[in-house]
Number of protein chains: 2
Amino acid sequence: MAARVGLTVERLVRAGADLADEVGFDRVTVALLARHFGVRSASLYAHVKGSDDLRTRIALLSLEEMADLGAAALAGRAGKDALAAFAEVYRGYAERHPGRYAAAQLPLSPEDAAASAGPRHAAMTRAILRGYDLPEPDRTHAVRLLGSVFHGYADLELKGAFRHSAPDSRESWARIVDALDVLLRAWPASPAPTPAPITREPS
Amino acid sequence: MAARVGLTVERLVRAGADLADEVGFDRVTVALLARHFGVRSASLYAHVKGSDDLRTRIALLSLEEMADLGAAALAGRAGKDALAAFAEVYRGYAERHPGRYAAAQLPLSPEDAAASAGPRHAAMTRAILRGYDLPEPDRTHAVRLLGSVFHGYADLELKGAFRHSAPDSRESWARIVDALDVLLRAWPASPAPTPAPITREPS
DNA sequence: ACTTTTGCCTACACCTATTAGGCGCAGAAG
DNA sequence: CTTCTGCGCCTAATAGGTGTAGGCAAAAGT
């Protein structure tokens, strides 16, 4: 029939990412993607090693896209402005591309992780903190906090955690960014003088 | 052969949760669970509606367990003490029970969500905030922030995001809890009653 | 002891993943 | 313009997971 559809890794990964946004990342399947191209499943194995490889490539693509958006958002901004813009990239990306965002959460092998845009994300978060005045161990703690908030909020929102309760999610997000800005200015100096004994370890 | 193994929903769900902790939540399968009991897959369908039902029940169990631990941790504590204890429940649970923690992230149907321990989690987070002095819309924003940080941090740590970099994750976690305490005390007042025009809407 | 329940089994139909090997169209070589 | 060659997509086939229908025998109720 339609001989030579013209499959390439790039086309497959792109289509796979789109598919993820439509039906959910965990429902992206070699068979489904093959059907989308009007081709048999086996044909994809010439371009992609298999299901895992496909998913990994979609994850890497998503990380790159998000990093590019982040870089664009940070260009020419600093301080709270940069913080808000970067935060909006996360939220916006997760909203517009739920499947890609889910893909970006896929645990990667150390090699893939190192080759991914992950380090760029970390570097950008660090760059945002240049606008605040944090000495070194704290800067890393702050990077981790920001990463947690951005990811945690986007993830919870995606799962609908805020969908059916009172204040609109966008409003909370704006207020949270405000709060983070305040926090980064008032970041508590290194170890508090209270070495309080941790009391319990349940279960 | 071994007639009547004595399957029940509870035993299946419990074993499924343990299995999730061993092999990962997404690798929990009806077939695997059946093998674990030395039984054919079809036999499980008398107790559980299917794969989705099984997963959902594991998710609900995990949410309950976490809520119980949270309640125990909060008993008799207030303020920063309560905050730190609750935070530790999240981190500790995710660390000891990665599969269950992943299960707890499963998106639930509205009915299941309402019947789950999810609302208890929200109520406990709200209770923590009683130790701080936040007026009402802000309290909800703060609940969402805390939820995001707790979940985001646990999730990232589980995926190994902090595993191969400088300061130990536990240290960051302690410092982040400190920072959240500071933030909740210095929470920025709501924006002026003047509905300031939103400046820009990118994209 | 009998009947009823019901727990687990066999058999099947259908889906996805993945491998092995075949055939033909596209572009290069003559 | 023909012929050759390769690679791009195919068919075939295996393995494992989900889920349904119906059977048989052990447990439980009388």
Side-chain angles (χ1 to χ4, degrees), chain A residues 1-61 99-100 102-103 106-109 112, chain B residues 1-61 99-100 102-103 106-109 112:
Chain A
M1 300 302 161
R4 307 288 152 110
V5 184
L7 301 181
T8 65
V9 194
E10 289 73 24
R11 292 225 302 154
L12 285 176
V13 174
R14 225 162 245 292
D18 291 345
L19 205 53
D21 285 335
E22 283 168 38
V23 305
F25 182 58
D26 47 1
R27 280 193 171 76
V28 171
T29 189
V30 174
L32 188 58
L33 188 55
R35 261 188 307 254
H36 177 266
F37 279 98
V39 144
R40 298 314 184 102
S41 307
S43 306
L44 301 201
Y45 286 82
H47 306 277
V48 159
K49 287 206 194 79
S51 203
D52 285 353
D53 186 38
L54 174 65
R55 281 173 216 280
T56 300
R57 285 172 192 273
I58 294 174
L60 293 175
L61 170 70
R100 281 168 155 92
L106 187 85
L108 297 174
S109 72
D112 285 343
Chain B
M1 293 300 158
R4 307 286 152 115
V5 185
L7 302 181
T8 65
V9 193
E10 289 73 25
R11 293 226 301 153
L12 286 176
V13 173
R14 227 161 244 295
D18 292 344
L19 204 55
D21 285 336
E22 284 168 36
V23 306
F25 182 59
D26 46 1
R27 281 193 172 76
V28 172
T29 189
V30 172
L32 187 58
L33 189 55
R35 263 188 307 254
H36 177 268
F37 279 98
V39 143
R40 298 314 184 101
S41 306
S43 307
L44 301 203
Y45 286 82
H47 306 278
V48 159
K49 285 206 196 77
S51 204
D52 284 353
D53 186 38
L54 175 64
R55 283 173 215 279
T56 300
R57 285 172 191 272
I58 294 174
L60 294 175
L61 170 70
R100 281 169 155 89
L106 188 85
L108 298 174
S109 70
D112 285 342

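Just so we're on the same page: letters track the sequence lines, and every chain starts at 1.
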Output all residues satisfying side-chain hydrogen bond (donor to acceptor under 3.5 Å, both in side chains) with B:Ser43, sequence neighbours left out; order by chain, then residue number.
none
Nearest-angstrom distance from the residue atom CZ of A:Arg11 to C1' of D:dC9
14 Å
Using a cut-off of strictly less than 4.0 Å between a heavy atom of the residue and any atom of DNA chain C, enumerate the qualifying residues of residues 21-31 of chain A by number.
A:Thr29, A:Val30, A:Ala31
Using atom types as modelled, flag every donor-acceptor pair under 3.5 Å from a side chain in residues 18-27 of chain A to any protein atom, sequence neighbours excluded.
unit_1: A:Asp18; atom_1: OD1; unit_2: A:Arg100; atom_2: NH1; d: 3.0
unit_1: A:Asp18; atom_1: OD1; unit_2: A:Arg100; atom_2: NH2; d: 3.4
unit_1: A:Asp21; atom_1: OD1; unit_2: A:Gly99; atom_2: N; d: 2.9
unit_1: A:Asp21; atom_1: OD1; unit_2: A:Arg100; atom_2: N; d: 2.8
unit_1: A:Asp21; atom_1: OD2; unit_2: A:His97; atom_2: ND1; d: 2.9
unit_1: A:Asp21; atom_1: OD2; unit_2: A:Arg100; atom_2: NH1; d: 2.8

For B:Leu44 and C:dC9, what is the distance between atoms CG and C1' respectively, to the nearest whole Å?
12 Å
Residues forming a salt bridge (charged side-chain N to carboxylate O under 4.0 Å, His left out) with A:Arg55, sequence neighbours excluded
none
With a 4.0 Å cutoff (strictly under), does any side-chain N or O of B:His47 reach OP1 or OP2 of C:dC8?
yes
When rounded to the nearest 0.5 angstrom, what is the spacing between CD1 in A:Ile58 and CG in A:Leu106?
9.5 Å
Run the side-chain contact (heavy atoms from CB on, under 4.5 Å) test against B:Ala46 and tell me which residues pass, sequence neighbours left out.
none
d(CG, B:Leu12; P, C:dG7) in whole Å:
12 Å
Under 4.0 Å from any atom of DNA chain D, heavy atoms only: list the residues of residues 35-43 of chain B that qualify, in numerical order.
B:Arg35, B:Ala42
Residue pairs meeting salt bridge (Lys or Arg N to Asp or Glu O under 4.0 Å), one or both in residues 29-50 of chain A, sequence neighbours left out, come to none
With sugar-phosphate meaning primed atoms plus P, OP1 and OP2, does A:Leu32 contact a base, only sugar-phosphate, or nothing at under 4.0 Å between heavy atoms?
nothing
Under the rule for side-chain contact (heavy atoms from CB on, under 4.5 Å), what residues qualify as partners of B:Asp112, not counting sequence neighbours?
B:Thr56, B:Leu108, B:Ser109
The side-chain contact (heavy atoms from CB on, under 4.5 Å) partners of A:His47 (sequence neighbours excluded) come to A:Leu7, A:Val9, A:Leu12
Once you round it to whole Å, what is the distance between P of D:dG19 and OH of B:Tyr45?
4 Å
